[in-house]
Amino acid sequence: MPAPHKARKRFGQNFLHDTRALHRIVAALDLSPEDHVVEIGPGKGALTRFLLPACRRLDVVEIDRDLVARLQDRFAGHDHLHIHAADALQFDFAALGSGLKIVGNLPYNISTPLLFHLFRFKDVTETMVFMLQKEVVERLAAAPGDKRYGRLSVMAQYHCQVEKRFTVKPEAFRPRPKVMSAVVRLHPHRTPPVDVGDYRTFEALVARAFGQRRKTLRNALRGVVAQETIRACAIDPGARAETLPLDAFACLSRALGDSVQPATA
Ligand code: SAM
């Protein structure tokens, strides 16, 4: 028996032990035996155990080397399991193939940068199912006008169809997190829902528009987007970014061509 593992805060370790929640996560992936699954942050293998018999190949990416050693022990002999001792934030998911179903009870401290990293691999991803802090799931799914609507909502909804699935209480984890959790399914759009023109311009524009949330667009985009351009997109320059739907950002981005550079965002 290996020594008990002490949960590491810096790796966002809250291990899920609620069997019902584990089953519901697996069910949300809609697996068939031919599927290639990637699990981020397998930890001690709570979810891994249910994924293994349900797919053709399973790759897991875990940063904590102690946990990697445990996983190697626990799942020795499962030839279709590939364990990567790596940082998911740096991981090249495209190197694994395509048609990936990506899943994980994600470390909450890095969930936003991780989601942005994963959006880069949407072309090789069929679907993603993640346990996240409930507040992050609400931000992903928020509509314009909602106070939770922001950069993450616009970028996630540009890349994926966002479906809130269910919430999970802190008691389902050990140690218990201080916040409620929720599971979300992100289904990458094969064709983007709007034409944004130059993608880097769009990214930089959205970042800048939400950079100072309280400011009107006129002020937040001063020096970058002329008021006439804002008006030409049928947007009131006195409006705030949090009221703009995705197609309004797309219109502004197209009007700018490739003139907004990420360094200015
Ligand atoms: N899946 C397990 C479960 O549900 O019990 C563990 C979930 S725990 C919330 C998050 C896991 O992600 C931990 O195992 C942690 O070590 C791992 N992790 C944290 N940061 C990571 C990173 N940058 N790359 C890969 N794994 C990471």
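Everything numeric in this text was worked out from a predicted model, so none of it was measured. As the structure lists them, so they are numbered: ligands from 1, and atoms in each ligand from 1. Just so you know, these numbers use all the heavy atoms, side chains as well, and skip hydrogens, waters and symmetry mates.
Within 4.0 Å of ligand 1, counting heavy atoms only, the contacting residues are Phe11, Gly12, Gln13, Asn14, Phe15, Leu16, Glu39, Gly41, Pro42, Gly43, Ala46, Val61, Glu62, Ile63, Asp64, Leu67, Ala86, Asp87, Ala88, Asn105, Leu106, Pro107, Ile110.
With Phe202 as reference, Val196 is the one residue of Val194, Leu252, Asp195, Val196 to meet the side chain to side chain contact (heavy atoms under 4.5 Å, CB included) rule.
Contact of the Phe15 side chain with the Leu67 side chain is registered, since non-hydrogen atoms from C-beta on lie closer than 4.5 Å.
In terms of hydrophobic clustering, with Ile, Leu, Val, Met, Phe, Trp and Tyr side chains grouped at heavy-atom distances under 4.5 Å, Ile102 and Leu52 are assigned to different clusters.
A donor and an acceptor atom, one from each side chain of Asp59 and His84, are located under 3.5 Å apart. Judged by distance alone, the side chains of Asn219 and Gln212 never bring a donor and an acceptor atom under 3.5 Å apart.
The aromatic ring centroids of Phe210 and Phe249 lie less than 6.0 Å from each other.
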